[in-house]
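What follows is one structure encoded as structure tokens, with my remarks underneath.
Computed over heavy atoms, backbone and side chain alike; hydrogens, waters and symmetry mates excluded. These numbers come from a predicted model, not from an experiment. A, B, ... follow the sequence lines: proteins, then strands. Residue 1 opens every chain.
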Number of protein chains: 2
Amino acid sequence: MNISRASDYAIRGLVYMAKKPAGAVCFVKDIAKNTNSPASFMSKIFQTLAKSGLVHSFIGTKGGFTFNARPEDITIKMVVEIIDGPIVLNRCVVNKSSCRNVGNCDVHFMWLDIQKMLTKALSSYSIADFAADKKGNMLPEAVQ
Amino acid sequence: MNISRASDYAIRGLVYMAKKPAGAVCFVKDIAKNTNSPASFMSKIFQTLAKSGLVHSFIGTKGGFTFNARPEDITIKMVVEIIDGPIVLNRCVVNKSSCRNVGNCDVHFMWLDIQKMLTKALSSYSIADFAADKKGNMLPEAVQ
DNA sequence: CTAATTGAGATAAAATTTGTCTTATATTTT
DNA sequence: AAAATATAAGACAAATTTTATCTCAATTAG
């Protein structure tokens, strides 16, 4: 009943990126250092984010990552589901055949309801919401 | 981002018990059979429930388990936390020292908020809610 | 005493999470 | 054009958690 380290790193990494000027190319090494996460792990996480289309990757010297979507359009739910997979509170919610209780037991509907509430909450936050102090970091020396 | 099989089994097991007449002694074997769960696993789960004080165990022939609390007082949150441990959506929510962002980043408060919402929802359902068809099963032959 | 049942805990398989290391690729510099 | 460099990509692996199983001890009813 928690998000993974990987999702947490992904969110923090994207927030770090969102604090940079729009279009800035970010290196995994920097992202990892500034989010206190293992660089090689963060590298893999950003590969997944790139595959999903959320960010764009550039290979080679001076390569790195840029946003492929606006931070305000990237919800926490999107990030968590890209990294951890679909949010499914209980097996029976997603797979009706695995829930013998559909139709004669309320457990199914409880999990469905709570899951809806949870995903709605996760959808109500965007990466941009946590980069609000962006202006404060936009001083030339902070932009680098 | 899900409950464990063990928590699901525990809830279904307790609901099964709640459909029996109050005070009935239930065998793990029956509980497991009627919830489609591995008996030995269910046995361990009920040991944990007994240790928590939610149910009472009787050893020996004709032993088994009875409720130690009213089904309407046993919330889903209680069961999940007994089996899976405390609900903590993200590491930084529980352990302030592991969250470098407390005070200067909203991620901490997002997880705190969503966690509150989730635990509140889980607390709003009780085992009794899912044993509502109890009366329908109270026919003498169903009571056994 | 015997059979039935739980308690406790050792053991283990499977899956998932968390991470590292090597390789491939593109870019810059020479 | 070649070499050096910085990076992504992906194979590999360690650690942890989940999901069990199995054995043996304890207890009690008949």
Side-chain angles (χ1 to χ4, degrees), chain A residues 1-13 17 24-33 35-66 68 80-91 98, chain B residues 1-13 17 24-33 35-68 80 82-91 98:
Chain A
M1 197 64 116
N2 53 30
I3 62 161
S4 66
R5 290 283 78 216
S7 279
D8 183 55
Y9 292 157
I11 293 165
R12 292 184 195 279
M17 278 181 67
V25 177
C26 299
F27 312 134
V28 163
K29 212 161 101 181
D30 279 345
I31 299 171
K33 195 196 296 177
T35 55
N36 257 23
S37 50
S40 47
F41 193 22
M42 190 60 108
S43 167
K44 240 184 83 174
I45 290 167
F46 265 76
Q47 280 175 40
T48 305
L49 293 177
K51 244 182 239 167
S52 80
L54 226 59
V55 298
H56 192 258
S57 71
F58 298 94
I59 212 166
T61 309
K62 302 281 177 187
F65 293 90
T66 60
N68 211 13
V80 170
E81 292 208 311
I82 286 167
I83 302 297
D84 287 350
I87 291 169
V88 177
L89 283 188
N90 195 14
R91 177 185 292 182
S98 77
Chain B
M1 197 63 114
N2 54 30
I3 62 161
S4 66
R5 291 283 78 215
S7 278
D8 183 54
Y9 292 157
I11 292 166
R12 292 185 195 280
M17 280 182 65
V25 177
C26 299
F27 311 135
V28 162
K29 211 161 99 181
D30 280 344
I31 299 172
K33 195 197 297 176
T35 55
N36 257 23
S37 52
S40 50
F41 194 21
M42 191 60 109
S43 166
K44 241 183 86 174
I45 290 167
F46 265 76
Q47 278 175 40
T48 305
L49 293 176
K51 244 182 238 168
S52 80
L54 227 57
V55 297
H56 192 260
S57 70
F58 297 95
I59 213 166
T61 309
K62 300 281 176 186
F65 293 90
T66 61
F67 278 110
N68 212 12
V80 170
I82 286 165
I83 302 297
D84 287 350
I87 291 170
V88 177
L89 284 189
N90 196 14
R91 177 185 292 180
S98 76

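- At least one donor-acceptor pair under 3.5 Å links the side chain of T35(B) to the backbone N or O of A32(B).
- Protein chain A contacts DNA chain D from dT5(D) to dC12(D), reading 5' to 3' and using non-hydrogen atoms of the protein with a distance under 4.0 Å.
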As a quick check of understanding, evaluate side-chain contact (heavy atoms from CB on, under 4.5 Å) for Y9(A) and F41(A), giving each step before the final call. CA-CA 9 Å; Y9(A) 292 157; F41(A) 193 22; 3.6 Å; yes
I31(A) vs M17(A), side-chain contact (heavy atoms from CB on, under 4.5 Å): CA-CA, chis, key distance, verdict: CA-CA 7 Å; I31(A) 299 171; M17(A) 278 181 67; 4.0 Å; yes
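- Here the side chain of D84(B) pairs a donor or acceptor atom with the backbone of S4(B) at under 3.5 angstrom.
- Straight-line distance from the CD atom of Q47(B) to the C1' atom of dG9(C): 8 Å, rounded to whole Å.
- As judged by a 4.0 angstrom heavy-atom cut-off over every strand, F65(B) is placed among residues touching the sugar-phosphate backbone only.
- For the pair H56(B) NE2 and dT5(C) C1', the interatomic distance rounds to 15 Å; values are reported in whole Å.
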List, one per line, each side-chain donor-acceptor pair under 3.5 Å for residues 45-56 of chain A, sequence neighbours excluded.
| residue | atom | partner | partner atom | Å |
| --- | --- | --- | --- | --- |
| T48(A) | OG1 | K44(A) | O | 3.2 |
| S52(A) | OG | L49(A) | O | 2.6 |
| S52(A) | OG | L54(A) | N | 3.3 |

For nucleotides 17-27 of chain C, just jot down a letter per nucleotide in 5' to 3' order: B, S or -, based on protein non-hydrogen atoms under 4.0 Å. -BBBB---BBB
What's the verdict on side-chain contact (heavy atoms from CB on, under 4.5 Å) for M1(B) and M1(A), showing C-alpha distance, side-chain angles and the deciding distance? CA-CA 5 Å; M1(B) 197 63 114; M1(A) 197 64 116; 5.5 Å; no
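- Between atom CZ of residue F58(A) and atom SG of residue C26(A) there is a gap of 11.0 Å, rounded to the nearest 0.5 Å.
- Protein atom CE of M17(B) is 11 Å distant from nucleotide atom P of dT6(C), rounded to whole Å.
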Worked verdict on I3(A) versus L89(B) for side-chain contact (heavy atoms from CB on, under 4.5 Å): CA-CA 6 Å; I3(A) 62 161; L89(B) 284 189; 5.6 Å; no
